[in-house]
Asks: 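The structure's right below; bear with me while I get my questions together.
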Amino acid sequence: MDLGLLDTSKSSLLDPRCHLVGTLIDVERVPLSELPRVDVEAIKHNARPSADDVTVLLDGTRLDSPSKARAFILAFKAEMAARADAPHSPRDRRAATRRLGRSR
Amino acid sequence: MDGPTLDPQRIVDVFASHEVDYLLVGGVGAQQYGATRQTLDIDFLASFQRDNLERLCRALAALNARLRVEGISDREAIKLSQGVLAPEYFQRAEITTLMTDAGPLDVLHDIPARDGTRLTFEDLRGRGSDLNFGEVRVRVAALADIVASKEWANRPKDREALPELHALQSTSGGGHAPPSELD
């Protein structure tokens, strides 16, 4: 009988699908052809979708569609504009208050 | 891909003239060690220190950089990107895919080691090499680090590139990255 073998000691194989495969092999000795299809290469290398053709933010947001990119850019520009309008320091705020007082 | 084709010499020349502190990685980095495989874009890690990001943004402005997003035309991207490529933007970006007047360019916050650990410019700069790139000197990541990032990414294009890179590594003594953790 053709049996599959997996080294389940590796942390990269701590994937629910691999546990299922390991259990089937250990307990039921299921032929390889009957095992669930698992992308072992992807799990082994902890692969993720190709990222170098898409902008990814540090919080994990992927700008992988026009709508996501447009929404992010608009929000970022609004944030930058708000920062530019806001007084930066107590001295700036005092100066702004004096200017406001003189204009009244 | 919508936009100009890659002119890496122009990009490194502009970065040099703006004194950007960066590390060349990816396919163009591998070419500096003798790899022959062609690549569509140029990838680099930058120092994310504020003053360097300001120099980077000035260099990118000189290259008319704009975000490169699938589904958005180059013309729209130019309009959308106005005022976006500031230090504050790069401080929150892991990977930025850009189009420039000298072709596609990716700014990376880090690249993976062989075990997936993320390595930044500061981690990798010391074991890179200063190599001639036309008339300018460019800091290039160690070949072993470029190979490790491709081994971890393991995309079809990486698997295509790796046999040649392994051969180059074996003739060059392996570079300076930590020993392989792969079986």
Side-chain angles (χ1 to χ4, degrees), chain A residues 4-15 17-18 21-22 37-89 92, chain B residues 1 25-27 39-43 48 66-73 76-77 79-99 104-112 114-118 120 149-159 181-183:
Chain A
L5 295 172
L6 282 178
D7 177 1
T8 55
S9 66
K10 291 195 173 181
S11 59
S12 62
L13 291 176
L14 291 178
D15 179 289
R17 292 167 299 176
C18 286
V21 174
R37 292 182 68 83
V38 177
D39 187 350
V40 175
E41 281 302 305
I43 294 165
K44 180 181 173 188
H45 294 286
N46 192 23
R48 56 183 184 180
S50 174
D52 61 349
D53 294 327
V54 62
T55 288
V56 183
L57 305 181
L58 282 173
D59 66 5
T61 304
R62 295 168 61 85
L63 305 185
D64 54 4
S65 72
S67 58
K68 280 191 203 174
R70 289 182 189 118
F72 168 76
I73 290 169
L74 288 177
F76 180 79
K77 284 181 175 177
E79 183 187 322
M80 294 296 284
R83 278 197 207 183
D85 289 344
H88 298 293
S89 66
D92 290 339
Chain B
M1 197 180 293
V25 296
T39 182
L40 295 174
D41 58 15
I42 185 169
D43 302 322
F48 273 47
R66 53 271 192 190
L67 288 172
R68 190 175 88 237
V69 179
E70 187 70 30
I72 292 184
S73 71
E76 182 189 353
K79 191 175 173 187
L80 268 177
S81 303
Q82 285 170 357
V84 172
L85 299 179
E88 291 80 1
Y89 166 79
F90 286 102
Q91 283 165 344
R92 68 179 66 177
E94 180 182 339
I95 302 166
T96 303
T97 57
L98 299 169
M99 178 57 75
L105 175 162
D106 295 346
V107 182
L108 310 177
H109 179 269
D110 49 54
I111 58 171
R114 204 168 269 121
D115 63 359
T117 305
R118 310 302 297 189
T120 64
S149 69
K150 290 185 173 293
E151 286 177 341
W152 187 85
N154 195 35
R155 298 155 299 185
K157 65 180 182 180
D158 299 312
R159 289 194 288 271
E181 294 168 14
L182 284 180
D183 295 331

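Letters A, B, ... mirror the listed sequences (proteins, then strands); counts begin at 1. The shown structure was predicted, so the numbers you read here are calculated from the model rather than taken from an experiment.
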Asks: Could you pull out the closest heavy-atom pair between A/Met80 and B/Ala86, with the gap in Å?
Replies: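 Distance-wise, the nearest heavy atoms are CE-CB, 4.2 Å.
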
Asks: Do A/Arg70 and B/Ile72 have side chains that approach each other closer than 4.5 Å (heavy atoms only, starting at C-beta)?
Replies: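 Heavy-atom side-chain distance check passes, below 4.5 Å.
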
Asks: For the CZ atom of B/Arg92 and the OG1 atom of A/Thr61, what is their distance to the nearest 0.5 Å?
Replies: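 With rounding to 0.5 Å, CZ (B/Arg92) is 10.5 Å from OG1 (A/Thr61).
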
Asks: Got a second to check how far A/Leu63's CG is from B/Leu67's CG, nearest 0.5 Å?
Replies: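 One gets 7.5 Å once the value is rounded to the nearest 0.5 Å.
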
Asks: So what's closer than 4.5 Å to chain A heavy atoms on B/Val69: side chain, backbone, both or neither?
Replies: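 For B/Val69, the side chain is the part near chain A, not the backbone.
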
Asks: How long is the straight-line distance from CZ of A/Phe76 back to CG of B/Leu85, given to the nearest 0.5 Å?
Replies: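 Spacing of CG (B/Leu85) from CZ (A/Phe76) equals 8.5 Å.
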
Asks: Report the residues that fulfil ring pair (Phe, Tyr, Trp, His ring centres under 6.0 Å) with B/Phe90, sequence neighbours left out, ordered by chain and then residue number.
Replies: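 In terms of ring pair (Phe, Tyr, Trp, His ring centres under 6.0 Å), with neighbours along the sequence ignored, B/Phe90 is linked to no residue.
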
Asks: Could you have a look at A/Asp64, A/Ile73, A/Leu57, A/Asp59 and say which one has the most heavy-atom pairs with chain B under 4.5 angstrom?
Replies: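 That would be A/Leu57.
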
Asks: Using non-hydrogen atoms only, which part of B/Ala77 is less than 4.5 Å away from chain A: side chain, backbone, both, or neither?
Replies: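 Looking at B/Ala77, nothing touches chain A.
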
Asks: In Å, rounded to the nearest 0.5 Å, how long is the span from CG of B/Asp110 to CG of A/Leu58?
Replies: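 CG of A/Leu58 is found 7.5 Å from CG of B/Asp110.
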
Asks: Taking all atoms of both residues into account, what is the closest heavy-atom pair of A/Val54 and B/Ile95, and its distance?
Replies: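 Closest pair (atom of A/Val54, atom of B/Ile95, distance): O-CG2, 3.7 Å.
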
Asks: Answer yes if the side chains of B/Thr96 and A/Thr55 hold a donor-acceptor pair under 3.5 Å, and no otherwise.
Replies: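 Judged by distance alone, the side chains do not pair up.
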
Asks: Given that the side chain runs from C-beta out, which part of A/Ser65 has a heavy atom under 4.5 Å from chain B: side chain, backbone, both or neither?
Replies: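 Only the backbone of A/Ser65 comes within 4.5 Å of chain B.
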
Asks: I need the full list of side-chain hydrogen bond (donor to acceptor under 3.5 Å, both in side chains) pairs touching residues 79-88 of chain B, with sequence neighbours left out, sorted by first then second residue.
Replies: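 Qualifying pairs, neighbours excluded: B/Arg50-B/Glu88.
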
Asks: Give, as side chain, backbone, both or neither, the part of B/Gln91 having an atom under 4.5 angstrom from any heavy atom of chain A.
Replies: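 For B/Gln91, the contact with chain A is made by the backbone alone.
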
